[in-house]
Each structure stands twice: as structure tokens, then as C-alpha cells.
Amino acid sequence: MQTVVSVLLEEALPRVVTITLLIGAGVGLANLAVEYGLVTVVARVGRYLTEPANLPPEVGTAVLTNTVSVTAGYGMLAEFREEGLLDDRATLIAVVINTFFGFVQHIFTYYGPVLVPILGVQVGLMYVGARAGISLGISLVGLLAGAVLLRGYEYDPHALDPETPEEEVRTTRDKVRAAGASTLERLRSIVPRLAVVYSVVFLALEYSDRILEALAEVGITEPAAAVDPIAGLLGLPGAAVPVILVSLVDPTTGAITVAPLIGDVLTPDQAVITLLVGGLVSLTIGTVKRSIPFQFGIWGASFGTKVIVVNVGLKAAFILVAIAVFFVT
């Protein structure tokens with residue numbers, strides 16, 4: 001077992017540094033876009049996403065940014081909320097709409113080059129299609145929620161305007177300096193929360209054996225005992241249980257584990273259902289390991305909790321829908 005210091009230096013610190021750089025890039029881009037008036041230009045494309053949801057056109061910039069970097073896109077939304085362009089309700093809806101566009105990035109960086117070769121073309125495309133449908137369904141819920149809940153909302157058109165006298169003509173250096181100052185100010189409020197929360201989470205994961213001991217005390221001596229009923233309910237063979245358990249820790253390893261079983265032990269549909277069940281069960285670990293530190297770091301504990309509840313709730317609901325579709329068909 002690693003020492004506290006090694007966990008903080010080898011696990012927490014690299015993650016905090018990486019997230020800080022990405023958030024800084026997102027917030028910095030948002031500030032530069034404001035200084036140079038680029039938000040308005042990009043928003044002309046994004047308005048096709050924001051108008052149906054009654055969101056201000058500037059939000060389209062953040063939504064489209066998610067296809068390149070989810071962290072940068074979230075950073076932009078955090079900046080818009082901080083500046084008063086978005087209230088909490090509008091921000092939550094924008095976060096939900098972001099889901100599919102964040103998934104698009106992973107198609108090219110993970111699902112396509114990694115999972116499809118592991119699972120084979122048929123099962124790989126089936127699984128990626130299922131995940132795409134889940135993400136798209138969540139984004140459509142966001143659009144519908146905005147159309148209903150944000151109807152008649154009025155936004156401050158000057159919320160993102162640089163605060164400079166009209167007669168002052170600023171140079172490029174002035175604009176970059178102003179954007180940099182705003183970005184540093186934002187990071188000063190985010191980075192301490194990131195450091196604290198990530199440190200707590202990684203220390204908790206390192207000493208997770210205590211959790212297993214607690215489970216043993218209440219009668220759960222093997223993790224498989226909690227998964228067996230789920231597999232049985234869906235008619236999955238016993239071989240699916242280890243795959244689900246492995247997926248709790250690492251989805252890629254779960255895919256590697258299920259691949260040899262396709263055809264002989266599991267049908268393509270059963271393989272996809274197994275991976276989806278693994279994804280559903282792993283939401284808890286994913287929330288603790290990634291969502292809580294990330295969302296708390298960006299939004300703070302209060303609003304970050306709302307974002308996590310909405311994201312996890314919608315993801316779980318649509319994974320269950322996808323499982324039901326494959327199970328019925």
C-alpha cells in the first residue's frame with residue numbers, strides 16, 4: 001500500500017495539474033473570445049443548438065468546444081455563470097446539452113481506435129452506437145428542458161462585455177493581459193478545491209480495503225454476490241459476472257475480458273448488455289473518482305452536487321433504457 005505522500009504526489013497531483021491546465025485553457029479561450037468579440041462569431045453556428053433551448057447564443061461556443069475538450073467546454077460555462085450570463089437553471093440545462101458533444105470527442109480518441117478493434121466491428125459498432133444513443137438522448141432531454149423551463153427567460157446582453165470606457169482603444173497586449181488576469185482570478189478559486197477534493201478521493205481509493213472489510217461485516221464477502229442477481233435477471237450466463245466486475249474498475253479491461261466470450265459464450269447482444277451493465281454499476285466508482293473532484297472543483301460543492309445528481313441520474317436512466325432495448329430485441 002502506498003504512503004499518503006506518494007498517493008498525493010503520484011496520483012492526485014498529476015490529475016490536478018492536468019485538469020487545471022485544461023480548465024485554464026477553456027477559461028482563457030472564453031476570455032479571449034470575449035475580448036476580441038469572437039463569442040458572437042462562433043455563436044452564430046451554436047445558435048442552432050441554443051435557440052431551441054432558450055439559451056443565450058454565447059453558450060453555443062461552450063457546447064461546440066466540448067467536441068475538442070470537455071474540460072475546456074465546462075470551463076467556458078463556469079466563466080459564463082461566474083459573469084452572470086447564466087443562472088443555475090440555465091447552466092444545468094447547458095451542461096445536459098453538452099453530453100452528446102463531449103461524447104463525439106471520445107469516438108475519435110477512445111471508442112473508435114480502442115474499443116472497436118478490441119470488440120470486433122459488429123459488437124464494437126453496436127456498443128458505440130448504444131453509447132452514442134445514450135448521450136444523444138441526454139442532450140435531447142436538455143433541449144426539451146430548456147424549451148419548457150427557460151421559456152421567457154431574459155439574459156443580460158452585457159454580461160460578457162469587457163469593462164472598459166468607450167473612448168479607450170486597447171491594444172492586443174492589453175486584451176491578452178486582461179484575458180490572462182481574468183483567467184488567473186478564476187483559477188485561484190478553482191485550483192484549491194481541485195487539490196483538496198482529489199487528495200481526499202485518491203486517499204480514500206488507496207485505503208479502499210477498509211470499505212471491503214465493512215462490506216464483509218454486513219455479509220457481502222464477495223463483490224460478485226451483489227452482481228449475480230442483476231446478471232440472472234437479464235438472463236446473462238455466469239461468465240458475464242467477472243466482466244461486469246472488471247468493468248467496475250476499468251472499462252477497457254472489461255472489453256478485453258468480454259471479447260473472447262463473444263460467439264461461444266455470449267451473443268453479440270449479450271456482450272453489449274454485459275458492458276452496459278458494467279457501465280451502469282461503475283457509475284458509483286466513476287462518480288467518486290472523477291465526477292465529484294471535477295465538478296466540485298469547477299462549481300463548488302453546492303452547485304457541483306446538483307450537476308452530479310443530474311448527470312448521473314440521466315446517464316443511469318438512459319443506460320437502463322438501452323439495456324431494455326437490447327434485452328427486448
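Please read these numbers as outputs of a predicted model, since none were measured by experiment.
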Item checked: Audit row: Phe303, Lys306, side chain to side chain contact (heavy atoms under 4.5 Å, CB included) steps and yes/no -> CA-CA 5 Å; Phe303 188 69; Lys306 296 178 183 178; 4.1 Å; yes
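Contact check on Arg81 versus Asp88 returns a salt bridge, with a Lys/Arg side-chain nitrogen under 4.0 Å from an Asp/Glu carboxylate oxygen.
By the 30° and 60° cut-offs, the orientation of the rings of Tyr111 relative to Tyr127 is tilted.
You'll find the side chain of Val116 reaches within 4.5 Å of the side chain of Val128, heavy atoms only. Counting heavy atoms from C-beta outward, Val281 and Val277 have side chains that approach closer than 4.5 Å. You'll find the side chain of Leu77 reaches within 4.5 Å of the side chain of Trp299, heavy atoms only.
Atom CG in Leu280 sits 5.0 Å away from atom CG in Leu320 (nearest 0.5 Å). A distance of 7.5 Å separates CG in Asn311 from CD1 in Ile138, rounded to the nearest 0.5 Å.
Side-chain N or O atoms of Ser135 include none that pairs as donor or acceptor with a backbone N or O of Ala132 at under 3.5 Å. A donor-acceptor distance shorter than 3.5 angstrom exists from the side chain of Ser139 to the backbone of Phe100, with no hydrogens or angles considered. Between the side chain of Asn66 and the backbone N or O of Phe101, no donor-acceptor pair lies under 3.5 Å.
Exactly one residue among Leu276, Leu275, Thr274 makes a side chain to side chain contact (heavy atoms under 4.5 Å, CB included) with Val272. That residue is Leu276.
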